[in-house]
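Each chain gets a letter, A, B and so on, in the order its sequence line appears, and its residues count up from 1. All heavy atoms count here, side chains included; hydrogens, waters and symmetry mates do not.
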Protein chains: 2
Amino acid sequence: MQITRASDYAVRVMIHLASLPPSSTVRQSELSKATEVSGHFLSKVLQQLVRARLIRSQRGAGGGYALAASAAGISLLDVLEAMEGPVRLNQCIEEGPSCDRKSWCPAHQVWAEAQAAITNVLGAASMASLAARAKGMSYELHEKTVWISGVPKKLKKKRGRTN
Amino acid sequence: MQITRASDYAVRVMIHLASLPPSSTVRQSELSKATEVSGHFLSKVLQQLVRARLIRSQRGAGGGYALAASAAGISLLDVLEAMEGPVRLNQCIEEGPSCDRKSWCPAHQVWAEAQAAITNVLGAASMASLAARAKGMSYELHEKTVWISGVPKKLKKKRGRTN
DNA sequence: CCCAAATTGGACTGGGTTGGTCCGATTCAA
DNA sequence: TTGAATCGGACCAACCCAGTCCAATTTGGG
């Protein structure tokens, strides 16, 4: 019941790319720095995202990675399923006649409901919206950075909107 | 993102117990038959449920397992968390200042929302309600069984209320 | 044409989890 | 006391997770 680290990292990558001007190409090393993920491991994550057609890669000098589609058209659910395959809360939740208990197991419906709830939430969160939210936050972050390089950094407790 | 087999089995056990008269004691062998789970493995599941105080065990001859509380007071979420620990969709979702990205990571809130969605659904499903639903189904099932032993079984498509 | 930059694709690993089996110890009722 | 029943592990194979590392390939530029 927990997403893998790789999925988490993939989401960071996608949000980072989405917050850039469309079709910007970013080197792996830069992504590694931005997401705080080891370059070696990140390359595996990136490969999976490429294979899932969520990003495109450009090899060679001056190469890098870029979103393959509009950030508004990619949801958190898309990224998650690219990394982990389809969300299936219980083994018996799938199309087709895979589970013969399905017809009578009273829990089946609840699992299905819970799964629908989760996919609804994740499917509604687009990379574009997350990137926009990140921009609002990174503005604060930028302020902080600037201040640190100049004056003592004490605005940490200023953040009252974790929401 | 998938519950373990053990959790699934635990839910079957709990529903079975909940569908019996209150504080009935059931032997492991019977539970094994009812849930279609190997006795050896089931014993591990049962032990965990006992330790979580969801069921009580009676040793010795005539012993067995029984619900430790009212079936209405135990939710699917309770059973799940007894088996797998607290639901935590992403590593960074927990109380306390565990994740320093939390303050700015824009995905954090979505994970939290998805988690709330899932716990809402699972927390609302009580063993009592599931057992009641099972009774309704087993009634149909009973009919079917009777029919099969007598006349051709064709009432399958009668169930139009998956809801 | 060749070099350097960059991705690609896979091998490898250590550690943990999963799903399962098995058995001796313990407890209790008859 | 004996047999029914749970208890509490040990044990196992197989798989997944997270991460590292490296050689091969591709590409742009001097």
Engineer: Compare all side-chain heavy atoms of A/Leu89 with those of B/Ile118 and state whether any distance is below 4.5 angstrom.
Structural biologist: yes

Engineer: Which nucleotide, C/dA11, D/dT6, C/dG19, lies nearest any side-chain atom of B/Thr4?
Structural biologist: C/dG19

Engineer: Rounding to a whole Å, what distance do you find between A/Phe41:CZ and C/dC12:P?
Structural biologist: 19 Å

Engineer: Within the 4.5 Å heavy-atom criterion, are A/Met14 and A/Ile74 side-chain neighbours or not?
Structural biologist: yes

Engineer: Separation of B/Tyr65 atom OH from D/dA4 atom P, in whole Å?
Structural biologist: 17 Å

Engineer: Select from B/Arg51 and A/Ala6 the residue whose nearest nucleotide in DNA chain D is closer to the 5' end of that strand.
Structural biologist: B/Arg51

Engineer: Could you tell me if the side chain of B/Leu54 sits less than 4.5 Å from the side chain of B/Gln48, heavy atoms only?
Structural biologist: no

Engineer: Side-chain N or O of B/Ser38 versus OP1/OP2 of C/dT21: is the shortest distance under 4.0 Å?
Structural biologist: yes

Engineer: Rounding to an integer number of Å, can you tell me how far A/Ile3 CD1 sits from D/dC16 P?
Structural biologist: 18 Å

Engineer: Take the protein atom CD of B/Gln2 and the nucleotide atom C1' of D/dC15, then report the distance between them rounded to whole Å.
Structural biologist: 14 Å

Engineer: Between D/dG19, D/dA5, C/dT8, spot the one nearest the side chain of A/Lys44, thanks.
Structural biologist: D/dG19

Engineer: Side chain of B/Gln58: nearest nucleotide among D/dT6, C/dA11, C/dA29?
Structural biologist: C/dA29

Engineer: For A/Asp8 and D/dA18, give me the distance from atom CG to atom C1', rounded to whole Å.
Structural biologist: 13 Å

Engineer: Nearest to the side chain of B/Arg5, heavy atoms from C-beta on, is which of C/dG19, D/dT6, C/dG10?
Structural biologist: C/dG19

Engineer: In whole angstrom, give the distance that lies between atom CE of B/Met83 and atom P of C/dG20.
Structural biologist: 12 Å

Engineer: Does a side-chain heavy-atom distance below 4.5 Å link A/Leu42 with A/Leu31?
Structural biologist: yes

Engineer: Compare side-chain N and O positions of B/Tyr9 against OP1 and OP2 of C/dG20 and report whether any pair is under 4.0 Å apart.
Structural biologist: yes

Engineer: Is the distance from OP1 or OP2 of C/dC28 to the nearest side-chain N or O of B/Arg59 less than 4.0 Å?
Structural biologist: no

Engineer: Which nucleotide wins on minimum distance to the side chain of B/Gln47, given the candidates D/dT27, C/dG20, D/dG8?
Structural biologist: D/dG8

Engineer: Take atom NE2 of B/His40 and atom C1' of D/dA5, then tell me their distance rounded to the nearest Å.
Structural biologist: 14 Å

Engineer: Can you pull every protein N or O that's under 3.5 Å from an N or O on nucleotides 1-3 of chain C?
Structural biologist:
none

Engineer: In whole angstrom, give the distance that lies between atom CG of B/Leu31 and atom P of D/dA4.
Structural biologist: 19 Å

Engineer: On DNA chain C, nearest-nucleotide positions of B/Gly39 versus A/Ala61: which is more 5'?
Structural biologist: A/Ala61

Engineer: What is the distance from atom CG of A/Leu67 to atom CG of A/Leu20, rounded to the nearest 0.5 Å?
Structural biologist: 8.5 Å

Engineer: Hey, are the side chains of B/Thr4 and B/Tyr9 touching, using non-hydrogen atoms and a 4.5 Å cut-off?
Structural biologist: no

Engineer: Do B/Val50 and B/Arg56 have side-chain heavy atoms sitting under 4.5 Å apart?
Structural biologist: no

Engineer: Under 3.5 Å, side chain of B/Glu84 to main-chain N/O of B/Ile3, donor-acceptor pair present?
Structural biologist: no

Engineer: A/Ser57 has a side chain; which of D/dT27, C/dT7, D/dG19 sits nearest to it?
Structural biologist: C/dT7

